[in-house]
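The following block contains the structure, expressed as structure tokens.
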Amino acid sequence: VQFSLPRCARLLSTSSRCRTVMPAWVIDKYGSNEVLRFTKNASFPIINYPNEVIVKVFAAGLSPIDVAMRGGYGAATLSMKRDPLNIKQSGSEFPLVLGRDVSGVIMECGLDVKHFREGDEVWAAIPPWKQGSLAEFVLLSANEVSHKPKCLSHIEAAAIPYVATTAWSALVNTGGLRKDNCANKRILILGGSGGVGTFAVQMVKAWGAHVTVTCSQNAEQFLRGLGADHVVDYTAGPVEEPLSALEKFDLILDNVGGDTESWALKLLKPWSGAKYVTLVTPFMQNTDRLGVADGMMQSAATVASKALKHLMKGVHYRWGFFAPSGCALDEIRDMVDAKQIRPVVEETFSFSQVPQAFEKVEKGHARGKTVVQIS
Ligand code: NDP
């Protein structure tokens with residue numbers, strides 16, 4: 001069976017390759033940076049479904065979630081997603097490849113893939129339950145992939161997909177923003193200087209919103225350069241006070257978390273449909289701690305009670321989540337090619353420097369994204 005499965009799977013694809021192994025950075029257990037291991041013998045991806053594509057990775061983006069996943073964050077939830085019937089032994093996710101952004105070239109397509117051809121330049125955000133992009137090749141569903149912006153290099157393109165699809169999911173799907181309804185909106189982005197913040201500022205600014213951000217004092221000019229209209233320095237003291245003195249907001253995107261939600265919802269315009277969307281949620285911690293079923297129930301109870309409490313005060317409370325989407329990336333590509341959004345690459349590392357790239361992300365204080373050049 002072990003031999004015949006890959007052979008069957010190969011029949012679904014339009015062409016076959018003889019390779020069975022590839023270079024990759026993997027982890028074999030959860031832990032700190034020393035669990036990262038380079039191998040030339042990682043399993044080469046196999047097309048199992050006709051809508052899948054194999055992408056040759058040119059550049060991979062790193063995010064705080066990669067550092068967290070290296071340490072075991074989300075292990076219970078992601079294992080359930082990888083193995084819903086719980087057939088496999090615990091630890092079957094190893095060797096695990098991290099890296100959530102990819103920019104590269106389509107190398108092989110499943111038979112049902114119509115929108116892409118071998119050789120197309122593409123970008124994608126890789127769901128955390130799939131093998132990541134710190135490898136020479138990665139397997140994706142075609143609906144997670146999009147043609148990359150023509151005006152960007154692979155390094156620049158790899159800085160965008162994960163933070164962009166997260167911001168899109170939070171602001172568009174959860175927050176209800178669209179390019180044609182932002183013109184008179186006041187938007188507050190708490191934590192503007194990191195990966196998600198630098199993308200979100202540019203996106204809502206391009207859609208005509210008035211954008212206020214919080215960040216460290218040394219990031220103020222950087223964020224004004226990305227389009228922020230008003231910047232509040234959180235290192236000068238509690239931001240609640242200067243923010244309360246401003247006109248109220250239509251939407252708040254919270255990239256910071258902590259005690260923020262205890263004061264931030266008071267900054268929204270009540271009884272106007274205004275929303276607070278936080279990306280910092282206890283969802284994964286709950287499922288890791290309590291198991292998937294109890295953790296999900298705990299999360300549902302928490303978010304429902306908070307949403308109800310705030311609804312009675314006339315504002316909406318929501319949790320936002322990353323959602324992979326080739327369609328969202330298509331729209332984002334058009335904005336990038338129209339020069340409305342630019343990539344913010346803070347630092348680039350070579351493939352041999354992946355542990356140093358993790359160290360950089362782990363130190364925090366990001367000013368945009370960390371990218372690894374793979375080939
Ligand atoms: P980054 O690490 O790239 O950026 C975080 C930024 O916040 C840094 O620039 C940091 O700079 C700044 N910062 C830290 N503390 C504060 C503060 N009190 N006020 C304002 N700014 C602050 O993270 P990402 O942008 O990738 O992600 C942002 C958050 O969203 C993370 O918590 C992440 O876990 C979460 N997230 C959640 C997802 C989901 O599916 N729910 C998906 C993706 C991200 P400095 O310290 O120098 O001020």
Side-chain angles (χ1 to χ4, degrees), residues 61-71 73-74 77-78 81 99-101 125-129 158-171 173-175 188-203 212-223 226 228 230-240 242-243 252-264 276-287 299 303 318-325 328 343-347 357-371:
L62 273 196
S63 305
I65 192 177
D66 293 303
V67 174
M69 282 177 66
R70 189 200 63 200
Y73 171 80
T77 322
L78 299 173
K81 187 76 187 161
R100 305 270 63 90
D101 298 282
I126 305 165
W129 54 90
I160 293 182
Y162 183 71
V163 291
T165 46
T166 298
W168 188 277
S169 166
L171 294 170
N173 304 345
T174 308
L188 170 61
I189 297 176
L190 297 167
S193 52
V196 177
T198 51
F199 180 85
V201 168
Q202 297 186 78
M203 185 173 104
T212 301
V213 297
T214 64
C215 63
S216 306
Q217 196 261 334
N218 66 14
E220 174 169 351
Q221 285 316 314
F222 166 60
L223 278 158
L226 294 174
H230 192 86
V231 180
V232 175
D233 169 17
Y234 81 89
T235 60
V239 285
E240 184 183 350
L243 289 173
I252 299 173
L253 176 67
D254 186 356
N255 300 315
V256 174
D259 72 347
T260 310
E261 64 183 51
S262 66
W263 49 263
Y276 165 89
V277 182
T278 181
L279 284 170
V280 187
T281 80
F283 180 81
M284 291 279 213
Q285 285 95 329
N286 285 346
T287 47
S299 295
V303 73
R318 298 277 187 273
W319 287 358
F321 295 99
F322 158 75
S325 169
V344 186
V345 180
E346 184 182 12
E347 197 165 350
F358 270 81
E359 277 168 18
K360 156 78 186 84
V361 176
E362 199 160 9
K363 278 188 193 137
H365 307 299
R367 298 289 178 265
K369 291 286 299 184
T370 296
V371 177

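Order of listing sets the numbers, starting from 1, for every ligand and every atom in it.
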Between G197 and I189, which heavy-atom pair has the shortest distance, and what is it?
CA-CG2, 4.3 Å

Protein contact of atom 46 (O) of ligand 1 - nearest heavy atom, named by residue and atom, plus distance
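Protein heavy atom at minimum distance: H365 ND1, 2.7 Å.
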
Which atoms from ligand 1 have a heavy atom of S216 less than 4.0 Å away?
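Listed by number with element, the hits are 45 (P), 47 (O), 48 (O).
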
Assess the residue pair F222 and C215 against the criterion (side-chain contact (heavy atoms from CB on, under 4.5 Å)); give the C-alpha distance rounded to whole Å, side-chain angles, the decisive distance to 0.1 Å, and a yes or no.
CA-CA 10 Å; F222 166 60; C215 63; over 6 Å; no

What do you reckon, does G364 put a non-hydrogen atom under 4.0 Å from ligand 1?
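No.
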
If you take all heavy atoms of G320 and T281, which pair is closest and at what distance?
O-CG2, 4.2 Å

CA sep, side-chain torsions, deciding dist, call: K360, L62, side-chain contact (heavy atoms from CB on, under 4.5 Å)
CA-CA 10 Å; K360 156 78 186 84; L62 273 196; over 6 Å; no

Is V163 in polar range of ligand 1, meaning some N or O pair under 3.5 Å apart?
no

Applying side-chain contact (heavy atoms from CB on, under 4.5 Å) to L243 and V232, what does each step give before you reach the verdict?
CA-CA 8 Å; L243 289 173; V232 175; 3.8 Å; yes

Using every non-hydrogen atom in the two residues, find where F322 and P127 come nearest and quote the distance to one decimal.
CE2-CA, 3.9 Å

protein heavy-atom neighbour closest to atom 20 (C) of ligand 1 works out as Y234 CD2, 3.3 Å

With no hydrogens and no angle check, is any side-chain donor or acceptor of T174 less than 3.5 Å from a backbone partner on S169?
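Yes; at least one donor-acceptor contact below 3.5 Å.
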
Sub-4.0 Å atoms of ligand 1 with respect to non-hydrogen atoms of R367
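The list of qualifying atoms is 9 (O), 11 (O), 45 (P), 47 (O).
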
Per-atom contacts of ligand 1 with V280, taking only distances under 4.0 Å to non-hydrogen atoms
32 (O)

Minimum heavy-atom distance between F199 and I160, given as atom pair plus value:
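Shortest heavy-atom contact: CE1-CG2, 4.0 Å.
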
Answer yes or no for T281: is there a heavy-atom contact with ligand 1 below 4.0 Å?
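False for this residue.
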
May I ask you to decide if the ring planes of F283 and F321 are parallel, tilted or perpendicular, using 30° and 60° as cut-offs?
perpendicular

Closest non-hydrogen contact found for P128 with M69 is O-CE, 3.3 Å

Closest candidate by heavy atom, reference atom 23 (O) of ligand 1, pool A125, P64, G197
P64

Which residue and atom name correspond to the protein heavy atom nearest atom 12 (C) of ligand 1, and how close is it?
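Answer, as residue, atom name and distance: S193 OG, 3.8 Å.
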
Atom 3 (O) of ligand 1 - nearest protein heavy atom and its distance
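Answer, as residue, atom name and distance: G195 N, 2.9 Å.
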
Assess the residue pair V213 and L226 against the criterion (side-chain contact (heavy atoms from CB on, under 4.5 Å)); give the C-alpha distance rounded to whole Å, side-chain angles, the decisive distance to 0.1 Å, and a yes or no.
CA-CA 11 Å; V213 297; L226 294 174; over 6 Å; no

What atoms of ligand 1 come within less than 4.0 Å of a heavy atom belonging to T166?
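Under 4.0 Å from T166, ligand 1 has these atoms: 42 (C), 43 (C).
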
Is the closest heavy-atom distance from T214 to ligand 1 below 4.0 Å?
yes

the protein heavy atom lying closest to atom 40 (O) of ligand 1 turns out to be F322 N, 2.7 Å

Closer than 4.0 angstrom: is that true for some heavy atom of W319 and an atom of ligand 1?
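No heavy atom of W319 comes that close to ligand 1.
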
Taking distance alone, with N or O pairs closer than 3.5 Å, would you say A366 contacts ligand 1?
yes

Counterpart residues, salt bridge (Lys or Arg N to Asp or Glu O under 4.0 Å), relative to R367 (two or more places apart):
none

Going by the atom numbers of ligand 1, which of them fall below 4.0 Å from some non-hydrogen atom of V196?
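Going through ligand 1 atom by atom, the ones under 4.0 Å from V196 are 24 (P), 25 (O), 26 (O), 27 (O).
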
Compare every heavy atom of V163 with every heavy atom of D101, then report the nearest pair and how far apart it is.
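So the two residues come closest at OD1-N, 4.5 Å.
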
Name the closest protein heavy atom to atom 30 (O) of ligand 1, giving the residue it belongs to and the distance to 0.1 Å.
L279 CB, 3.8 Å

Measure the distance from atom 21 (N) of ligand 1 to every protein heavy atom, then report the residue, atom name and distance (to 0.1 Å) of the closest one.
G191 CA, 3.3 Å

Considering heavy atoms of the protein only, find what lies nearest to atom 4 (O) of ligand 1 and give residue, atom and distance to 0.1 Å.
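Result: G194 CA, 3.1 Å.
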
Could you list which atoms of ligand 1 come closer than 4.0 Å to a heavy atom of N255?
28 (C), 29 (C), 32 (O)

